[in-house]
Structure formats: structure tokens, C-alpha cells
Amino acid sequence: MYALRAEGIHKSYGRREEEKTEVLEDIDLEIEQGEFVTLLGPSGCGKSTFLQIMAGLEAPGEGNIYCQDQPITGPGQKRVLIMQDAALFPWLTVLRNVCFGLRERGEKREEARDRARRELKRVGLDHVEDSYPHQLSGGMQQRVALARGLVLKPEIMLMDEPFAALDEQTRLRLQRQLIDLWQEREMTVVFVTHSIRESLLLSERVLVMSGDPGEIAAEYEIDLPYPRRPGNRKMIELEEEILSRLEPSLTDKEEERFQARAAGGELS
Amino acid sequence: MTVFSLQARKHMIRAAVFGGLLILWQYLASTGIWPEYLLPSPGSVVATMVEQFQQGTLISAIMISIRRLLIGFTLASVLGFLLGMVLALFSAADEAISPFILALQSVPSVVWLPLALLWFSLGERAIIAVILLGATWNMVSTTTSGLKNVDPTYLKAARTLGASRISLFRRVMLPAAVPHLITGLRFSWAFSWRALMAGELIGSGSGLGQMLMWGRDMGNMSLVIGIITLIGAFGFISDNYIFKKIENLVLRRWGYQGE
């Protein structure tokens with residue numbers, strides 16, 4: 001059974017025909033229930049846009065997107081999005097941030113608080129429940145954002161470079177924590193990143209995207225046991241392989257653009 | 001000088017400037033270049049104010065003015081907030097009306113006096129009307145811009161957490177705009193105070209503004225200068241020691257300034 005399916009997704013921005021820029025071109029994808037998939041690509045390749053479409057925050061220009069046989073028409077608690085910026089509500093305490101979705105669902109205040117406390121404990125932050133977000137470090141804020149999403153027991157976690165703004169140590173710890181959380185629950189994770197190493201550390205399948213317009217250029221199954229260590233021999237080999245795969249595809253595109261501009265007289 | 005903190009030095013410089021001005025004023029008054037009814041000495045201003053205070057006229061004038069200020073400020077803020085909210089929710093209305101709001105904002109309060117007098121005739125209502133016309137528009141535009149400029153990542157986060165349209169507004173946009181709204185209230189207060197003084201110069205009753213005009217009619221320059229000082233001090237203190245404090249508190253709580 002698949003968790004998410006995309007059929008022929010196209011997306012472009014700009015209203016008038018001549019201003020249109022194609023962001024995504026013909027993306028077909030199926031993600032199994034319980035799978036951990038990363039979308040890997042350079043910035044501007046449309047991976048975040050694709051994630052927003054899966055979250056239901058944006059509609060695809062063309063094509064269909066389904067979540068377990070249901071077409072996605074808007075955002076929902078089944079598919080929680082975690083962003084690079086933790087986006088905690090600064091006017092609420094940590095605990096009330098975590099309660100946000102539960103209260104939205106109509107849960108009673110006390111019940112919501114109990115569940116939120118348990119979730120905070122799970123990410124090791126029950127001691128800061130009365131703090132305000134700006135009093136926490138970046139890593140702690142991101143863990144609160146995780147708890148705020150996880151407390152809803154989502155079937156799918158959509159993560160948009162959630163650890164990109166953190167320091168190396170914090171990132172490693174959070175990556176490990178994320179794997180634990182994923183293994184503990186039956187949930188599907190779609191993780192967007194531009195770091196090859198991060199994609200290899202975390203996921204079972206890496207989808208390499210190339211930009212301009214965004215499309216899936218290659219796919220790798222990572223059949224390595226968890227927990228994975230960054231120094232692992234096989235991972236270093238894979239890293240080099242993906243890198244070599246990514247680089248020429250980029251330079252090709254750049255070459256093409258250069259030629260196109262030269263032909264257009266822009267470079268004369 | 002290094003033993004004093006930057007803050008202490010700032011206060012010392014201010015006190016020195018203030019003291020210097022007082023001495024200069026006293027000196028000019030004592031030379032007798034200008035007659036007493038044009039430039040009274042600081043001492044005689046203080047004496048007049050103390051006298052007015054002891055008679056009770058000053059206190060009652062202040063109370064009357066503050067009462068009008070509170071009524072006008074509350075009405076202007078509530079009206080401005082409601083109108084601003086409507087404009088933020090319906091962008092068609094915003095596009096149609098916002099230029100007029102901006103134009104109305106640039107009209108000095110005194111200009112509304114003839115209109116208010118004709119509509120409401122001399123009296124309490126005319127003065128309140130001047131405050132409304134002077135202070136509402138600014139509150140409208142701060143409310144609209146505060147609600148419209150809410151960080152879109154908050155809205156995205158809330159939507160994926162299952163927020164409905166109503167709670168998106170009530171639980172995210174409104175609280176996110178609170179710092180803006182507080183600034184709006186602060187300006188609304190300042191505009192209300194100015195508009196009130198403009199209104200009282202012509203209107204009836206016995207507020208601070210009217211006492212000022214009475215001082216002019218009596219040729220009592222000490223009273224005029226005393227009241228002007230009082231008006232300035234009231235505006236300064238309420239802005240700096242009340243609204244700024246609240247604003248800073250909210251900003252810190254909302255995480256815009258460090259610990």
C-alpha cells in the first residue's frame with residue numbers, strides 16, 4: 001500500500017505565458033507506507049515546492065497527487081510539515097505550542113496538555129514546557145516543532161530541511177533521534193535535504209532531483225542497517241557515486257543555459 | 001566619567017541641559033528686556049501653578065481632559081481596529097479605501113474643528129468627534145498592516161497543524177499582530193492627546209486646553225506657560241513611561257528582542 005502517489009506533476013510560477021518559469025516537470029512517484037525517503041537536490045530544484053504540494057499547501061499545476069487513494073486537496077493533520085525555520089508561535093509557551101493541533105482537533109484542554117507533556121518528554125524537553133520559544137536554542141526549537149507535529153500521530157511527516165540551520169553536533173543528535181522516532185511508530189517520512197550525507201544517514205531511498213525545471217534524475221535504494229555511522233565505507237562509496245551523478249547533470253544544465261543566452265544575444 | 005554607566009551619563013547630560021535652560025530663562029526674565037506679562041520668570045510660573053493647584057481648578061481641568069482623552073482614545077482605537085480588521089480581511093475593500101485613509105491621516109486635527117462645531121455644536125460631543133477624526137485613521141492602517149504582514153511561515157505551520165480559517169485568524173493572525181497593535185495604540189494615544197488639545201482650545205467646558213485659553217484672555221502668561229509645560233510633560237510621560245514600557249514587554253515576550 002502506498003502512502004503518497006504523484007502522477008505527472010507539473011508546476012510553474014508566473015501568470016503570463018512569457019514570464020512562466022517551470023519549477024517541476026512531470027514528476028511520477030510512489031512512496032510506500034512506513035518508508036523513509038529523501039528528496040535530494042541543489043537549492044532551487046523545486047524539492048521544497050514538491051513537498052508543499054504533498055502537504056496540500058499548494059496545488060499542482062497539472063497532474064494528480066494522492067494520499068492513500070484520496071486526492072490531496074488541502075493541508076491536514078495526517079500529513080504534518082516540519083520546516084527549516086521551526087516556526088513555533090512566539091506568543092505561546094512550549095507546552096501550548098505542542099497543544100495547538102490537538103486543541104484544533106477539539107481535544108479537551110487537560111487531555112491535550114497531558115499528551116503534549118508526554119510528547120515533550122519523548123523528545124527530552126519536558127523541563128522547558130513553560131518557556132517561550134525565543135528562550136530556547138535552535139536545536140531545542142526544532143525538537144519542539146517535532147513534538148508539535150508528532151503529537152498529532154501523523155501518518156506522514158514531511159520535513160523541509162529541518163536541520164539545515166543547526167550546528168553539526170546538534171544535527172547528528174537530532175538525526176539519530178528522528179530515526180528512533182520513525183522506527184518506533186509506523187510513519188512515513190519524506191525528508192528534503194541538499195546534503196548527500198544526511199540523505200544517506202537517514203533514508204531507505206534517495207531520490208536525486210535536478211533543477212531547472214525540477215525532475216527526478218536518479219534513485220538509490222540504501223540497504224544499510226540502522227543506526228548508520230557517517231564513516232561507514234559503503235556510505236562513502238555511495239556518496240561519491242551520487243556526487244558524480246549530480247555534478248555533470250548540473251554542469252550540463254549550466255552549459256545549456258549559457259548556450260541559450262549566447263544565442264539570444266545576451267552575452268554579446 | 002568612566003565610573004558612570006552609559007545610561008547614567010545620558011541622564012546627567014539631560015539634567016544639565018534642563019538646568020541650563022532654566023538658568024537661561026531666569027536670567028532673561030531678570031534682565032527685564034521683556035515685560036513680565038510676556039516673559040514671566042520660572043518662579044512665578046511655578047507659583048501660579050501651585051496656586052491653581054491649591055484652588056482645585058488645575059486638578060479639575062486635568063480630570064476633565066483625561067476623561068475626554070480616555071473616551072476619545074477608546075472609541076478611536078476600537079473603531080480603528082474594527083475598520084482595520086475589515087480592510088485586512090477583504091483586500092478589495094482595502095484597495096478601494098486605503099488611499100482615503102492615508103489622506104485622512106495627513107489632516108491635522110485642528111482642521112476638523114469647524115466641521116465638528118457645525119455638526120455637534122459647542123460641547124462635549126464636538127471635542128470627542130475631533131479626537132475620533134484625529135486618531136482613528138492611524139489605528140486603521142496599523143491594524144491592517146499588522147494583520148497583513150504576519151509571517152507566512154506561521155500561517156503555513158498552523159494550516160498543516162489543522163487550523164481552520166477562523167482559528168487561523170483568531171489563534172495565529174491576531175496574536176501575531178499584537179506587537180503592531182500595541183504600537184498602533186501608542187500612536188493612537190499620542191494623536192488623541194493632540195486632537196484633544198486642539199478641540200479644547202475652541203470647545204466649551206473647563207479642560208486643560210480651555211484653561212490655556214482662559215490664561216490668554218486674562219493676560220496671565222505664567223498660567224499659559226505652565227499649562228503648555230504640563231501638556232508636554234503629560235504626553236512625554238504617558239508615552240515614554242507607560243506605552244513604551246508595555247511595548248517593550250510585548251516585544252520581548254514575542255521574541256523580537258533578546259533577554
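Order of the sequence lines sets the chain letters (A, B, ...), proteins ahead of strands, with each chain counted from 1.
Interatomic distance, CZ of B:R253 versus CD of A:Q135, reported as 9.5 Å (0.5 Å rounding).
Contact annotation for residues 150-188 of chain B against chain A (heavy-atom separation below 4.5 Å, listed by residue number): B:T153, B:Y154, B:K156, B:A157, B:A158, B:R159, B:T160, B:L161, B:G162, B:A163, B:S164, B:S167, B:R171, B:V172, B:P175, B:A176. Within residues 104-112 of chain B, no residue has any heavy atom closer than 4.5 Å to a heavy atom of chain A. Along residues 77-98 of chain B, no residue comes nearer than 4.5 angstrom to chain A, judged on non-hydrogen atoms. Using a 4.5 Å cut-off between non-hydrogen atoms, the part of residues 71-91 of chain A that approaches chain B consists of A:P75, A:G76, A:Q77, A:R79, A:V80, A:L81, A:M83, A:D85, A:A87, A:L88, A:F89, A:P90, A:W91.
Between the side chain of A:H134 and the main chain of B:W254, no donor-acceptor pair closer than 3.5 Å is present.
At a 4.5 Å heavy-atom cutoff, the contact between A:L152 and chain B is made by side-chain atoms alone. Heavy-atom distances place both the backbone and the side chain of A:F100 under 4.5 Å from chain B. At a 4.5 Å heavy-atom cutoff, the contact between A:R103 and chain B is made by backbone and side-chain atoms alike.
Other residues, nucleotides and ligands contribute at most 12 non-hydrogen atoms within 6.0 Å of the CD atom of A:E186. Within 6.0 Å of CZ in B:R125 there are 12 or fewer heavy atoms belonging to other residues, nucleotides or ligands. By the neighbour-count criterion of 12 heavy atoms within 6.0 Å, atom CZ of A:R5 is densely surrounded, having more than that number from other residues, nucleotides or ligands. The number of heavy atoms from other shown groups lying within 6.0 Å of CZ (A:R109) does not exceed 12.
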